[in-house]
Amino acid sequence: MRIDLHAHSNVSDGTETPADVMASAARAGLDVVALTDHDSTAGWAEASAAAATYGVALVPGMEVSCRTEEGISVHLLSYLHDPTHPGLLEEITKAKDSRQTRAERMVTILAEDYPLTWDDVIHHVAPGATLGRPHIADALVAAGVVEDRSEAFASILTSRSRYFIPHYAPDPATAVELVRAAGGVPVFAHPVASARGRIVGERTYREMIDAGLAGLEIDHRDNPEEGRDFLRRLAAKHDLLVTGSSDYHGTGKPNLLGENLTAPGMLARIEELGTGAMVVRP
């Protein structure tokens with residue numbers, strides 16, 4: 001069974017609709033895919049309806065944006081949570097609103113040096129989608145400033161850039177608690193992806209585990225091999241789930257569906273733990 005537990009649609013920063021993600025999963029030979037848009041579950045219904053059409057099971061999920069008190073970005077995958085849970089919904093709504101304000105401020109600064117307007121950015125955002133830096137990157141590509149999103153994030157939109165402005169995000173341990181309260185299964189996404197920026201230390205892992213962290217996304221292209229070894233030892237020590245995923249974004253990233261996979265036994269454990277939603281099978 002081929003299982004990929006991390007994919008994005010245009011409900012956040014992917015380039016395909018939720019239904020098209022399911023179609024792409026079928027073409028990639030997947031049996032199961034998780035839709036994990038940033039701070040949003042708005043794509044669940046469309047993807048669920050497409051599961052039967054394309055013969056691919058759907059794990060409803062979300063990627064929660066978090067930040068430590070040191071300012072380090074952490075992404076938390078949530079599987080099978082209740083999308084109407086008040087506490088979790090309040091936090092992701094707060095984060096989405098902050099992303100919008102942050103993006104507007106960044107575009108104002110960028111416009112001082114590049115041919116970019118707010119309308120240019122909005123053109124690349126699907127209605128109701130979680131707005132983020134990838135949409136600004138798409139506008140910069142369209143303006144001929146950079147070749148693709150990767151170039152934009154490596155230069156103009158990096159967190160080290162003068163144009164970068166952070167947005168509100170909950171503490172990782174708090175997010176873990178909220179996901180658990182919503183009946184979800186919290187898994188730390190690409191924890192040692194050092195090329196993306198600073199990564200957390202031992203204290204954050206300890207706090208997240210104490211709060212109820214269920215697993216670690218280990219097999220991910222952005223996790224270096226030495227980091228994966230550390231994560232496997234940590235998972236074994238604390239009996240954490242181990243997952244592998246593509247972090248698919250359509251044409252928004254080079255990541256390919258199925259390039260990393262999750263073992264069927266791990267999906268079974270996720271289903272045992274998750275009480276807020278169910279896997280949608282064709």
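All residue numbers in this chain count up from 1 along the given sequence. What you are looking at is a predicted structure, and each value in this text was computed from that prediction instead of being measured.
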note = Closest non-hydrogen atoms of Ala25 and Leu257, given as atom of the first, atom of the second and distance, are N-CD1, 3.6 Å
Derivation of the side chain to side chain contact (heavy atoms under 4.5 Å, CB included) call for Met1 and Leu261 = CA-CA 9 Å; Met1 184 178 292; Leu261 298 170; over 6 Å; no
task = Kindly say whether Ala182 contributes a backbone atom to a donor-acceptor pair with the side chain of Asp82 at under 3.5 angstrom?
result = no
ask   = Hey, do the aromatic rings of Phe153 and Phe164 have their centres closer than 6.0 Å?
value = no
remark   = Between Gly258 and Leu30, the two heavy atoms sitting closest are CA-CD2, 3.9 Å
query = Where the side chain of Asp210 meets the backbone of Tyr205, is there a donor-acceptor pair that is under 3.5 Å apart?
reply = no
request  = Using only heavy-atom distances, determine whether the side chains of Arg105 and Thr108 contain a donor-acceptor pair under 3.5 Å.
outcome  = no
inquiry  = Does atom CD (Glu104) have a neighbourhood of more than 12 heavy atoms from anything else shown, all under 6.0 Å?
reply    = yes
request  = List the atom of Arg102, the atom of Pro166, and the distance in Å for their closest heavy-atom pair.
outcome  = CG-O, 3.6 Å
message = Which residues pass the ring pair (Phe, Tyr, Trp, His ring centres under 6.0 Å) test with Tyr168, not counting sequence neighbours?
response = none
inquiry  = Closer than 3.5 angstrom, by distance alone: can the side chain of Ser155 be matched with the main-chain N or O of Glu151 as a donor-acceptor pair?
reply    = yes
key: Pairs meeting criterion ring-ring contact (aromatic ring centres under 6.0 Å, His included) with involvement of residues 261-282, two or more places apart   = none
ask   = Out of curiosity, Leu240 CG to Arg269 CZ, how far, rounded to the nearest 0.5 Å?
value = 8.0 Å
From Glu272 atom CD to Ile270 atom CD1, the distance as rounded to the nearest 0.5 Å = 10.5 Å
key: Hydrophobic cluster identity match, Val176 and Val242, side-chain contacts under 4.5 Å   = yes
Pairs involving residues 76-96, ordered by first then second residue, that meet ring-ring contact (aromatic ring centres under 6.0 Å, His included) (sequence neighbours left out) = Trp44-His81
request  = Compute whether any side-chain donor of one residue and acceptor of the other, for Asp119 and Thr117, lie under 3.5 angstrom apart.
outcome  = no
key: Electrostatic pair Asp39:Lys94 at N-O distance under 4.0 angstrom   = no
remark   = So OG1 of Thr243 and CG of Leu216: to nearest 0.5 Å the spacing works out to 8.0 Å
ask   = NE2 of His123: more than 12 outside heavy atoms within 6.0 angstrom?
value = no
key: Side chain Arg2, main chain Gly29, donor-acceptor under 3.5 Å   = yes
message = My understanding is that only residues two or more places apart in sequence, or in another chain, count here; which of them pass side-chain contact (heavy atoms from CB on, under 4.5 Å) with Asn10?
response = Thr17, Pro18, Ala126
message = Under the rule for side-chain contact (heavy atoms from CB on, under 4.5 Å), what residues qualify as partners of Thr174, not counting sequence neighbours?
response = Asp171, Leu178
key: side chain to side chain contact (heavy atoms under 4.5 Å, CB included) assessment of Leu116 paired with Val121   = CA-CA 8 Å; Leu116 185 69; Val121 175; 4.2 Å; yes
ask   = Is it the case that one hydrophobic cluster holds both Val141 and Trp118, taking links as side-chain heavy atoms less than 4.5 Å apart, direct or via other members?
value = yes
remark   = Interatomic distance, OG@Ser40 vs CG@Leu131, rounded to 0.5 Å, equals 12.0 Å
message = Donor-acceptor check, side chain of Asp219 to backbone of Asn260, threshold 3.5 angstrom: yes or no?
response = no
key: Transitive ILVMFWY side-chain link Val279 to Val21, under 4.5 Å   = no
task = Please list, chain by chain and in numerical order, all residues satisfying salt bridge (charged side-chain N to carboxylate O under 4.0 Å, His left out) with Arg281, sequence neighbours excluded.
result = Glu271
inquiry  = If you apply the rule side chain to side chain contact (heavy atoms under 4.5 Å, CB included), what do you find for Ile156 with Val146, and how did you get there?
reply    = CA-CA 9 Å; Ile156 299 170; Val146 292; 3.9 Å; yes
query = Side-chain contact, heavy-atom cut-off 4.5 Å: Pro115 with Val145?
reply = yes
Validation: residues 185-198 side-chain donor-acceptor distances under 3.5 Å, sequence neighbours left out:
residue : atom : partner : partner atom : Å
His190  : NE2  : Arg196  : NH1          : 3.4
Arg196  : NE   : Asp222  : OD2          : 2.8
Arg196  : NH2  : Asp222  : OD2          : 2.9
Arg196  : NH2  : Asp247  : OD2          : 3.1
Arg198  : NH2  : Glu70   : O            : 2.8

key: Contacts of type side-chain contact (heavy atoms from CB on, under 4.5 Å), residue Arg221, not counting sequence neighbours   = Pro254, Asn255, Glu259
Student check: side-chain heavy atoms of Ser9 and Asp20 closer than 4.5 Å = no
ask   = Does any non-hydrogen side-chain atom of Ile136 lie less than 4.5 Å from one of Leu110?
value = yes
key: Spacing of Arg232 atom CZ and Arg228 atom CZ [to the nearest 0.5 Å]   = 6.5 Å
ask   = Taking all atoms of both residues into account, what is the closest heavy-atom pair of Arg99 and Gly132, and its distance?
value = NH1-CA, 4.1 Å
key: Short side-chain donor-acceptor distance under 3.5 Å, Arg149 and Thr251   = no
Beyond-backbone contact of Glu207 with Pro172, side-chain heavy atoms, under 4.5 angstrom = no
task = State which residues pass ring pair (Phe, Tyr, Trp, His ring centres under 6.0 Å) with His249; sequence neighbours excluded, sorted by chain then number.
result = His8
task = Evaluate the side-chain proximity of Leu77 to Leu5: yes if any heavy-atom separation is below 4.5 Å, no if none is.
result = no
message = Measuring only between side-chain heavy atoms, which start at C-beta, is Val64 closer than 4.5 Å to Glu91?
response = no
ask   = Would you find more than 12 non-hydrogen atoms of other residues, nucleotides or ligands less than 6.0 Å from Glu147 atom CD?
value = no
With sequence neighbours excluded, residues passing side-chain contact (heavy atoms from CB on, under 4.5 Å) with Asp97 = Thr93
Pairs where residues 57-68 contributes a residue and the test salt bridge (charged side-chain N to carboxylate O under 4.0 Å, His left out) is met, not counting sequence neighbours = none
message = Are Leu76 and Leu35 linked, directly or through intermediate hydrophobic residues, by side-chain heavy-atom contacts shorter than 4.5 Å (ILVMFWY only)?
response = no
message = Can you give me the closest heavy-atom contact between Ser65 and His75, atom names plus distance?
response = CA-CD2, 4.3 Å
key: Residue list, side chain to side chain donor-acceptor pair (under 3.5 Å) with His135, at least two apart or on another chain   = none
inquiry  = So which atom in Ala211 and which in Ala173 form the shortest heavy-atom distance, rounded to 0.1 Å?
reply    = CB-O, 3.5 Å
ask   = Just how far is it from atom CG of Asp13 to atom CG of Asp37, taken to the nearest 0.5 Å?
value = 7.5 Å
message = One pair to check against side chain to side chain contact (heavy atoms under 4.5 Å, CB included): Tyr54 and Arg27. What are the steps and the verdict?
response = CA-CA 9 Å; Tyr54 297 107; Arg27 286 193 296 272; over 6 Å; no
message = So Met106 and Ile165, do their side chains get closer than 4.5 Å, heavy atoms only?
response = yes
